[in-house]
Amino acid sequence: MSVRINTNSCVGCKKCIEVCPGNLIKLKDGKAFIKREKDCWGCTSCLKECQAGAIAFFLGADIGGKGSTLSTRAQGDLRYWIVTDPNGIQKTITINTKESNKY
Amino acid sequence: MLKNLSVEQLKTDVLIIGGGTAGCYCAYTLGLSGSHKVLIAEKANIKRSGCLAAGVNAINAYITEGKVPQDYVNYCKKDAKGIVREDLLLSISENLNDVTHTLEKEGLVILKDENGKYVTRGDRNIKINGENIKPILAKMASESDNVTVINHVNITDLLVEKNRIYGAVGFDVNEAKAYVIFAKAVLMATGGAAGLYRPNNPGFSRHKMWYPPFNTGAGYAMGINAGAEMTTFEMRFIALRCKDTIAPTGTIAQGVRAKQMNGLGEIYETKYGVATCERVYGTTLENKEGRGPCYLKTDVISKAQEEDLYKAYLNMAPSQTLKWLEGGQGPSEQNVEIEGTEPYIVGGHTASGYWVDNNRATTVRGLYAAGDVAGGAPQKYVTGALAEGKLAAAGIEEYLKEDFELVSSNVWEKILANYDEYLNNPIGNITISQVEEAMQKVMDEYAGGITKSYQFNETGLKLAKEKLEGLQQVLNTLKANDTDELLQIYEIKERLTVSLSLIEHLKARKETRWHSFGENMSYPNVDDNYNVYINSVKTGDGIKIIKRPLVVDDYKNIIFTFNGDGNIQYAGGEIDER
Ligand SMILES: Cc1cc2nc3c(=O)[nH]c(=O)nc-3n(C[C@H](O)[C@H](O)[C@H](O)COP(=O)(O)OP(=O)(O)OC[C@H]3O[C@@H](n4cnc5c(N)ncnc54)[C@H](O)[C@@H]3O)c2cc1C
Ligand code: SF4
Ligand code: SF4
């Protein structure tokens with residue numbers, strides 16, 4: 001499991017680099033990249049920081065990954081989580097951040 | 001003098017090492033009182049560092065209506081088969097609700113019923129939206145003028161002279177820069193230790209573990225090397241988790257009341273007992289004896305419940321929701337497979353960590369410990385770590401009222417020279433990750449890891465010690481190209497130090513009190529002679545084991561005292577070995 005950073009959308013703001021709890025993301029030629037992808041914990045902190053939507057999260061094949069990705073974006077009190085399968089089909093789950101978990 | 005690093009010296013009253021749960025709350029408390037200069041040194045960034053990075057699921061430790069703090073103490077004591085410090089547990093329990101209410105005031109969303117009362121989950125839990133709990137805490141910690149935060153500084157060594165702390169040394173993980181920080185008091189709040197054992201997913205997803213792989217036991221290692229006393233490392237923590245993603249199972253087990261079921265469809269939930277260690281043991285045994293794989297029986301839940309589970313997991317362990325959606329079958333259609341994790345050392349769940357007194361002082365004067373790094377009080381969870389941060393703040397304020405002279409020396413120069421050596425070493429055949437894998441393999445095979453069903457024996461432990469000592473030698477030859485690689489070397493160095501102490505603890509408890517957590521096959525039964533704490537101190541001639549009497553039932557709070565030369569005088573009494 002790890003993250004993939006899209007260099008075309010990355011604007012080099014360094015927010016993901018600042019926040020990763022494992023210091024795994026670095027800057028090269030003005031763009032963020034993950035230096036040790038096997039060391040990612042999967043906390044999704046970097047995704048939440050990235051306003052450019054450049055970071056996507058995926059599961060490695062060793063833990064059942066089949067090529068889908070997870071991305072996220074926030075607007076007001078709502079956080080959207082988007083799962084995109086390898087064919088580009090998306091499912092979105094919307095969470096109201098002012099609401100508690102039911103469980 | 002150093003070839004590769006610039007050096008910055010800083011001075012503060014209180015240094016907090018690790019701006020996680022306990023560290024942030026201690027800074028917040030000291031910030032409110034405003035009387036001392038506080039500096040947080042954090043290896044990542046306090047906004048999303050440590051256990052709380054992804055968010056948490058619930059407040060697991062709360063005194064619900066009709067219950068009293070002593071009820072929580074009793075629960076913890078029973079679950080740990082008596083090896084707890086009641087004094088520590090009670091002081092935590094008395095503060096659980098206060099810290100929860102403070103967090104709510106600062107923005108944590110907590111579920112309430114129509115009468116404005118918290119909705120509980122079981123006897124001790126309340127329901128929240130814990131996704132942003134860390135940003136909330138980070139803001140609280142840094143708001144006061146007397147608190148400064150330095151992010152991305154990894155601390156490696158404590159500065160101690162005549163058993164009194166006077167600071168710590170570390171380096172910037174992004175720049176070629178070292179820090180020497182002088183402080184009158186220090187709080188250790190670096191969390192527990194993950195990555196000692198071969199993990200569940202040793203390949204590409206090696207860091208998809210439950211406990212943060214970036215909490216490497218640095219705080220334990222620094223304390224061990226400074227001669228601080230540690231307790232109960234042999235009560236390892238093994239979590240029961242969702243297969244592959246290693247996501248928490250409590251949400252499913254307690255949330256939708258799913259039962260543990262084996263591969264034959266039999267419910268084995270209560271067959272082995274319901275203590276935390278027994279739930280892991282049951283699952284391990286079912287697998288070992290050919291009745292696996294094991295599941296949480298969820299295929300009876302509704303689609304609406306399933307949708308709520310998707311959301312709950314996105315708020316704390318998003319990989320599990322991705323796994324369900326990507327696999328095409330949610331928990332209402334397919335039972336959730338479970339497995340035990342590799343063993344961790346984590347004082348927020350079991351009783352391992354610094355031996356502290358009721359003020360959270362360690363046996364090194366001026367050094368305090370709180371949260372997962374502090375021992376004696378299992379089942380702390382988030383609120384317990386916050387409570388200990390608060391209690392440590394009070395302890396530190398008291399300590400700073402004393403009149404004492406700080407004696408410093410120049411040992412920090414040696415530490416800086418050590419950094420420089422790694423940066424100067426030539427490139428060899430052995431790499432950082434080879435040493436990491438070797439260590440995890442040794443621990444797995446000879447000290448009771450996953451592949452050995454968590455079982456170990458004396459002969460294996462002896463071998464593990466020899467092999468790890470060999471690895472320590474190899475570690476010294478490793479090359480760091482920059483401080484990012486220096487960080488990786490230190491992370492393994494810390495784990496090796498913790499593992500070696502752990503082995504001595506496993507050896508010293510010659511009984512099996514907790515299945516799986518401490519399954520000593522040389523002594524497979526409970527032995528009442530071990531109704532004691534197993535503590536350890538590293539000395540010039542190796543690790544010394546000290547047995548101390550239990551602080552339970554009719555007890556006095558432990559408050560450490562020191563004698564004229566600064567050494568510890570009273571640390572809870574000792575049990576004579578004849
Ligand atoms: C995935 C997960 C889910 C959990 N879910 C829940 C839950 O739902 N409910 C609940 O009540 N409890 C939960 N817990 C338990 C709870 O989160 C922890 O017990 C608690 O947060 C520990 O706090 P801490 O301050 O000891 O450690 P942390 O909060 O981890 O803080 C340690 C800090 O020290 C820093 N650090 C480490 N080494 C160094 C160094 N050498 N130099 C400088 N800084 C360093 C780390 O980066 C980190 O910021 C969960 C734990 C985990 C791991
Ligand atoms: S946060 Fe996004 S835009 Fe900013 S550096 Fe990271 S990937 Fe690039
Ligand atoms: S998911 Fe977490 S651990 Fe992984 S790169 Fe992003 S911030 Fe770092």
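We name chains A, B, ... by the order of the sequence lines, and we start the count at 1 in each one.
- Interface residue A:Thr94: only backbone heavy atoms are found under 4.5 Å from chain B.
- In terms of heavy-atom pairs under 4.5 Å with chain B, the best-connected choice from A:Glu37, A:Lys48, A:Lys35, A:Lys91 is A:Lys48.
- Interface check for chain B: of the options A:Leu70, A:Ile95, A:Val83, the most heavy-atom pairs under 4.5 Å are formed by A:Ile95.
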Begin from the C-alpha positions of B:Thr251 and A:Asn101 and carry the test side chain to side chain contact (heavy atoms under 4.5 Å, CB included) through to its verdict. CA-CA 10 Å; B:Thr251 320; A:Asn101 294 339; over 6 Å; no
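- For a residue to count as touching a neighbouring chain, one of its non-hydrogen atoms must lie under 4.5 Å from one of that chain's; by this rule A:Asn23 touches chain B with backbone and side chain alike.
- Here the options are A:Leu59, A:Thr44, A:Thr69, the test is side-chain contact (heavy atoms from CB on, under 4.5 Å), and the partner is B:Leu322; only A:Leu59 passes.
- Chain A is approached within less than 4.5 Å, heavy atom to heavy atom, by B:Asp482, B:Asp484, B:Leu487 from residues 480-487 of chain B, ordered by number.
- The candidate with the highest count of non-hydrogen atom pairs below 4.5 Å against chain A, out of B:Ser205, B:Gly255, B:Ala44, B:Ala54, is B:Ser205.
- With a threshold of 4.5 angstrom between heavy atoms, B:Glu307 approaches chain A through side-chain atoms but not through N, CA, C or O.
- Panel note: side chain B:Asn129, backbone A:Glu99; a donor-acceptor pair is recorded below 3.5 Å.
- Annotation: residues 9-19 of chain A contacts chain B through A:Ile17, A:Glu18, A:Val19 [non-hydrogen atoms, separation under 4.5 Å].
- Residue B:Tyr313 does not touch chain A at all, counting heavy-atom pairs closer than 4.5 Å.
- Every residue meeting the side chain to side chain contact (heavy atoms under 4.5 Å, CB included) condition with A:Thr97, not counting sequence neighbours, appears here in chain and number order: A:Asp77, A:Arg79.
- Here the OH atom belonging to A:Tyr103 is positioned 11.5 Å from the CZ atom belonging to B:Arg121, to the nearest 0.5 angstrom.
- Put simply, of A:Glu49, A:Lys98, A:Lys26, the one with the most heavy-atom pairs under 4.5 Å next to chain B is A:Lys26.
- Within the 4.5 angstrom heavy-atom criterion, only side-chain atoms of A:Trp81, from C-beta onward, approach chain B.
- Only the backbone of B:Cys51 comes within contact range of chain A, with at least one heavy atom under 4.5 Å from a heavy atom of that chain.
- Residue pairs meeting the salt bridge (charged side-chain N to carboxylate O under 4.0 Å, His left out) criterion with at least one partner in residues 308-331 of chain B, sequence neighbours excluded, are B:Asp244-B:Lys323.
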For B:His207 and A:Cys40: C-alpha separation, side-chain torsions, deciding distance, then whether side chain to side chain contact (heavy atoms under 4.5 Å, CB included) applies. CA-CA 6 Å; B:His207 269 182; A:Cys40 171; 6.0 Å; no
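- When heavy atoms are compared at a cutoff of 4.5 Å, B:Arg48 approaches chain A by way of both its backbone and its side chain.
- B:Lys139 NZ: 12 or fewer foreign heavy atoms inside a 6.0 Å radius.
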Give the C-alpha distance, both sets of side-chain angles, the deciding distance and a yes or no for side chain to side chain contact (heavy atoms under 4.5 Å, CB included) between B:Arg206 and A:Asp39. CA-CA 7 Å; B:Arg206 63 182 191 183; A:Asp39 286 354; 2.5 Å; yes
